[in-house]
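So that the names make sense, note that chain A is the first sequence line, chain B the second, and so on, each numbered from 1. Any value given below was found using the heavy atoms of this structure, including those in side chains, with hydrogens, waters and symmetry copies removed.
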Amino acid sequence: MTVKGQCADRQTLTEWFELHGRDLPWRHSRDPWTILISETMLQQTQVVRVVERLGPFMERFPSPEAMAAASAGDVITEWSGLGYNRRAVALHRTAQAIYELHGGVVPSALADLLALPGVGPYTARAVRVFAFELDDAVVDTNIGRVLARWENRSLKPAEAQDFANSLVRRGGAWIWNQSIMELGALLCRPQPHCAACPVSRDCGWFLAGQPTPDPASRTAGVTTGQSRFEGSDRQGRGRLMRHLARQDVDEANLDDAMGWPGDPARADRVVQGMVTDGLVERLGTSYRLPA
DNA sequence: ATCCCGCCGT
DNA sequence: ACGGCGGGAT
């Protein structure tokens with residue numbers, strides 16, 4: 001593709017975003033702490049669910065210092081219902097690290113961000129792009145899917161990141177990353193709506209007739225289907241967290257609390273993992289949220 | 001049943 | 001590279 005073509009497509013896409021992009025709360029913020037929180041929430045939790053929880057969460061923990069002063073259990077409680085509670089524990093540890101290592105100021109250096117618990121390649125760059133407006137490129141599941149279809153081939157992690165980097169213009173990273181991510185979220189979905197896509201005329205996969213397998217399917221960063229939730233260890237973990245939000249649970253009642261009556265062995269095995277994850281503490285014969 | 005602005009330990 | 005990790009909405 002020509003450089004001229006790339007410029008045309010880029011402008012087409014950002015114009016589409018200005019017109020059709022969703023008005024999401026965090027897109028009005030450039031506060032690094034707010035962006036770090038929202039991006040952490042958005043790791044595998046849907047946008048509509050984060051929208052209604054971000055405000056109250058930020059009121060409870062308005063700064064890294066405020067969260068660092070709270071207990072891990074407090075953060076978990078405020079996190080309740082968002083799922084993958086390890087993220088709440090990681091966030092608490094990250095707040096403490098920011099307070100102790102960076103004077104309470106969210107760092108902007110990639111290496112500093114990547115060193116924070118629960119902050120990986122996506123979230124680190126998201127903070128840099130969406131808060132500090134630095135010229136980086138993020139690759140999430142949406143963008144990975146768009147890029148793979150655009151090139152009509154599966155991309156390895158480094159390939160996807162390099163390709164994404166090459167598309168960013170100086171000073172235009174915020175709007176570009178939002179635009180291409182929004183395209184993946186609204187149109188270039190797992191089941192794509194190519195008829196409404198503003199850049200389909202230059203999309204390799206579309207022009208090839210959308211052959212199977214979808215090149216996005218084996219591309220790095222594109223999430224795949226997960227194992228069944230009903231009857232899983234995850235379900236039992238979730239049940240126990242919900243109980244602990246109200247009161248401590250004695251080890252004798254653990255199997256009931258986790259929804260596995262008569263299977264204390266399983267309850268014990270799974271709760272061990274939760275202790276390792278920092279989600280629960282054992283005190284005497286009972287379990288509670290971490291102090 | 002499927003999907004969701006990933007990260008981490010293996 | 002792969003599997004575990006919540007939970008609600010459709």
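For B:dC7, the OP1/OP2 oxygens have a side-chain nitrogen or oxygen of A:Thr123 closer than 4.0 Å. Not one side-chain nitrogen or oxygen of A:Arg87 sits closer than 4.0 Å to the OP1 or OP2 atom of C:dG7. Taking only side-chain nitrogens and oxygens, A:Gln46 never comes nearer than 4.0 Å to OP1 or OP2 of B:dC3.
The nearest heavy atom of DNA chain C to A:Met241 and to A:Pro157 marks one nucleotide each, and the one closer to the 5' end goes with A:Pro157.
Between A:Gln235 atom CD and B:dA1 atom P there is a gap of 13 Å when expressed in whole angstrom units. The nearest whole Å value for the distance from the CZ atom in A:Arg53 to the P atom in C:dG7 is 11 Å. In this structure, A:Arg239 places its CZ atom 12 Å from C1' of C:dG7, rounding to the nearest Å. Rounded to whole Å, the distance from CD on A:Glu230 to C1' on C:dA9 is 15 Å. Going from atom CZ of A:Arg266 over to atom P of C:dG4 covers 12 Å, rounded to whole Å. Taking atom CZ of A:Arg237 as the reference point, atom C1' of C:dC5 lies 6 Å away to the nearest angstrom. One can place CH2 of A:Trp176 at 16 Å from C1' of B:dC5, the figure rounded to the nearest angstrom.
A donor and an acceptor atom sit less than 3.5 Å apart, one in the side chain of A:Thr45 and one in the base of C:dG6. A donor N or O paired with an acceptor N or O is found under 3.5 Å between the base of B:dC4 and the side-chain atoms of A:Gln226.
In this structure, the nucleotide among B:dC5, C:dG8, C:dC5 sitting nearest to the side chain of A:Arg49 is C:dG8. Considering only the side chain of A:Tyr122, B:dC7 comes nearest among C:dC5, B:dC7, C:dG7.
If you check every strand for non-hydrogen atoms under 4.0 Å, A:Asp277 touches nothing. Residue contacts shown for A:Asp233 are limited to sugar-phosphate atoms, with no base heavy atom under 4.0 Å away. Nucleic acid contact class of A:Leu82 (heavy atoms, under 4.0 Å, all strands): base. Nucleic acid contact class of A:Arg218 (heavy atoms, under 4.0 Å, all strands): none. Among the protein residues, A:Thr141 comes within range of the sugar-phosphate backbone only, with heavy atoms under 4.0 Å from sugar or phosphate atoms but none that close to a base. Across all strands, A:Trp26 comes closer than 4.0 Å to base atoms (heavy-atom distances). Looking at heavy-atom distances under 4.0 Å, A:Gln178 makes contact with a base. Within 4.0 Å of A:Gly225, counting heavy atoms only, lies no atom of the nucleic acid at all. At the heavy-atom level, A:Arg228 lies under 4.0 Å from the strands shown only through sugar-phosphate atoms.
Atoms CG and CZ, from A:Leu113 and A:Arg125 in turn, are 10.0 Å apart once rounded to the nearest 0.5 Å. Rounding to the nearest 0.5 angstrom, the gap separating the CD atom in A:Gln247 from the CZ atom in A:Arg288 is 14.5 Å.
Contact check on A:Arg27 versus A:Glu182 returns a salt bridge, with a Lys/Arg side-chain nitrogen under 4.0 Å from an Asp/Glu carboxylate oxygen. Salt bridge absent: A:Arg266 and A:Asp255 never bring a charged side-chain N and a carboxylate O closer than 4.0 Å. Under a 4.0 Å N-O distance rule, the pair A:Asp135/A:Arg169 does not qualify as a salt bridge. A salt bridge does not link A:Glu133 with A:Arg128: every distance from a Lys NZ or Arg NE/NH1/NH2 to an Asp or Glu carboxylate oxygen is 4.0 Å or more. Note on A:Arg53 versus A:Glu78: no salt bridge recorded, every NZ/NE/NH1/NH2 to OD/OE distance being 4.0 Å or above. For the pair A:Arg237 and A:Asp277, the salt-bridge criterion is met [side-chain N within less than 4.0 Å of a carboxylate O].
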Tabulate atom names and distances for all N/O pairs under 3.5 angstrom spanning the protein and nucleotides 8-10 of chain B.
unit_1, atom_1, unit_2, atom_2, d
B:dC8, OP1, A:Gly118, N, 2.7

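Under the 4.5 Å side-chain contact rule for hydrophobic residues, A:Leu110 and A:Val168 do not share a cluster.
Counting all heavy atoms, side chain and backbone alike, A:Gln210 lies closest to A:Pro192 at NE2-CG, 3.7 Å. The minimum heavy-atom distance linking A:Pro261 with A:Asp256 is given by the pair CB-OD1, 3.3 Å.
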Strand DNA chain B as a dot-bracket string - pairs counted if Watson-Crick or G-U with both distances under 3.5 Å, | where the partner lies in another strand | ||||.|||||
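On the C1' atoms, B:dC4 is 14 Å away from C:dC5, given to the nearest whole Å.
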